[in-house]
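Report on the structure given below.
It should be emphasised that the depicted structure is a prediction, and the values quoted were computed from it without experimental measurement.
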Amino acid sequence: DEGVGDGTQVKKKILAPAKITSSANPQTDQELFDALDKKGGNALRQWDMRTARDVEQQMDAILKRSPKSPLASVIHNYKSYVKYYEGQYNRAIVGLDAARAADGFEDTQRTRNFSNRLAHLGDYSSKAVTKTSEHFEMNVLRGKDEILLEPGLEALEKSYAALVKDFGFTPPTPIRVEVYDDLKGLA
């Protein structure tokens, strides 16, 4: 997603950045964040959630050292994207709210669009039921669509080996599949 890992979210000049002294190679929080932002953005674009979560933990360390850091809003924003990619939409909303509350938050059209998407998906997830198979996690709205869970997961599992071969990639975590009852969920 635009705004994560592309450098557009962070003003490059932050006054009096805190030095990180615990590392053998001292660097400022800004320098560390810049490296983590790039690594995390790449991980999210590749759906590498293990790396994305690792980056999230390292960003949390910046916040623990400097809770009022000028980077707080962009760190909370990154964390909200991680939760979004994991399908934890209500937790992503909490993260975006924390970003909004932090100093330096920039309310852009991109952020408003993300917020609107999260609101819709948060509503969806509160009404959805989830069933998991070996390689997939399938979400459908409670009610008539629940009938899709068993045959849907069965069909997905049958196609898994071919998909892994075609894409040359084995996902390290289950693949989330969401079934919507209208096109709003795709926006």
Side-chain angles (χ1 to χ4, degrees), residues 1-10 17-18 20 22-25 27-102 104-106 110-111 113-115 117-122 124-126 128-139 153 156 160 163-164 167-178 185:
D1 267 70
E2 208 175 304
V4 175
D6 66 2
T8 62
Q9 289 257 332
V10 182
I20 298 169
S22 60
S23 117
N25 198 5
Q27 59 187 171
T28 65
D29 282 349
Q30 179 69 53
E31 291 167 335
L32 178 60
F33 174 81
D34 289 344
L36 291 172
D37 186 46
K38 183 175 182 177
K39 182 178 179 181
N42 287 336
L44 289 174
R45 280 187 287 283
Q46 296 171 9
W47 288 86
D48 178 357
M49 297 313 298
R50 287 185 180 149
T51 299
R53 282 189 295 275
D54 180 55
V55 167
E56 180 182 23
Q57 289 177 346
Q58 292 176 63
M59 286 185 181
D60 277 340
I62 294 172
L63 283 180
K64 284 179 182 155
R65 275 193 309 279
S66 306
K68 298 290 185 187
S69 167
L71 295 169
S73 69
V74 290
I75 290 173
H76 286 297
N77 188 62
Y78 174 80
K79 292 164 63 80
S80 72
Y81 271 91
V82 171
K83 299 307 176 216
Y84 165 73
Y85 273 74
E86 292 177 327
Q88 298 179 34
Y89 305 123
N90 290 320
R91 290 184 69 194
I93 292 168
V94 170
L96 189 56
D97 288 345
R100 281 191 177 109
F105 177 76
E106 293 183 37
R110 176 179 29 214
T111 305
N113 290 343
F114 183 49
S115 180
R117 186 179 330 145
L118 287 177
H120 179 77
L121 291 170
Y124 168 84
S125 67
S126 69
V129 68
T130 302
K131 185 164 177 99
T132 305
S133 65
E134 183 178 357
H135 301 105
F136 295 91
E137 174 186 288
M138 191 170 186
N139 300 284
L153 286 171
L156 289 165
Y160 183 78
L163 291 170
V164 166
F167 288 105
F169 174 73
T170 303
T173 57
I175 300 166
R176 191 176 65 256
V177 177
E178 295 176 344

(message) Assess, by modelled atom type and distance only, whether the side chains of Asn42 and Arg45 contain a donor and an acceptor separated by less than 3.5 Å.
(response) yes

(request) Would you please name every residue forming a side chain to side chain contact (heavy atoms under 4.5 Å, CB included) with Thr132, sequence neighbours left out? (result) Thr130, Glu137

(request) Search all heavy atoms of Pro67 against all heavy atoms of Ala72 and return the closest pair with its distance. (result) O-CB, 4.1 Å

(message) Holding to side chain to side chain contact (heavy atoms under 4.5 Å, CB included), I want the full list of residues that pass it with Gln46, two or more places apart in sequence or in another chain.
(response) none

(message) Testing the basics here: between Asn139 and Tyr124, what is the closest heavy-atom pair and its distance to 0.1 Å?
(response) O-OH, 3.0 Å

(request) Return the set of residues passing side chain to side chain contact (heavy atoms under 4.5 Å, CB included) with Asn90 (not counting sequence neighbours), or none when no residue passes. (result) Ile93, Ser125

(message) Which residue is it: Val94, Leu96, Thr111, Ile75? I am looking for the one with a side-chain contact (heavy atoms from CB on, under 4.5 Å) to Ser80.
(response) Leu96

(message) Rounded to the nearest 0.5 Å, what separates atom CE in Met49 from atom CZ in Arg176?
(response) 8.0 Å

(request) Determine whether Val74 and Asp37 make a side-chain contact, defined as any pair of heavy atoms from C-beta on separated by less than 4.5 Å. (result) no

(request) Rounded to the nearest 0.5 Å, what's the gap from CE on Met59 to CG on Leu32? Could you check? (result) 8.5 Å

(request) Please round to the nearest 0.5 Å and tell me the distance separating atom NZ of Lys83 and atom CG of Leu118. (result) 13.0 Å

(message) Among residues at least two apart in sequence or on other chains, which ones pass salt bridge (charged side-chain N to carboxylate O under 4.0 Å, His left out) with Arg91?
(response) none

(request) Indicate the atoms forming the closest heavy-atom contact of Arg53 with Thr173, along with that distance. (result) NH2-CG2, 4.0 Å

(request) For Tyr160, enumerate each residue passing the ring pair (Phe, Tyr, Trp, His ring centres under 6.0 Å) test, keeping only those at least two apart in sequence or located in another chain. (result) His135, Phe136

(request) Identify the two heavy atoms, one from Thr51 and one from Asp48, that lie closest to each other, and give their separation to 0.1 Å. (result) OG1-OD2, 2.7 Å

(message) Please find the pair of heavy atoms, one from Ala52 and one from Ala43, that lie closest to each other, and give the distance.
(response) N-CB, 3.7 Å

(message) Using every non-hydrogen atom in the two residues, find where Ser73 and Ala99 come nearest and quote the distance to one decimal.
(response) O-CB, 3.3 Å

(request) With sequence neighbours left out, write down each residue that passes side chain to side chain contact (heavy atoms under 4.5 Å, CB included) with Ala98, or none if nothing qualifies. (result) His76

(request) Determine yes or no for a side-chain-to-main-chain donor-acceptor pair under 3.5 angstrom, with Tyr89 supplying the side chain and His120 the backbone. (result) no

(message) Within this structure, what is the OH-CD distance for the pair Tyr81 and Glu86, rounded to the nearest 0.5 Å?
(response) 15.0 Å

(message) Which residue in the set Phe114, Trp47, Tyr78 passes ring-ring contact (aromatic ring centres under 6.0 Å, His included) when paired with Tyr84?
(response) Phe114

(message) Could you measure the distance from the CG atom of Leu63 to the NZ atom of Lys68? Nearest 0.5 Å is fine.
(response) 11.0 Å

(request) Find the distance between CG (Leu156) and CD1 (Ile175) and round it off to the nearest 0.5 Å. (result) 8.0 Å

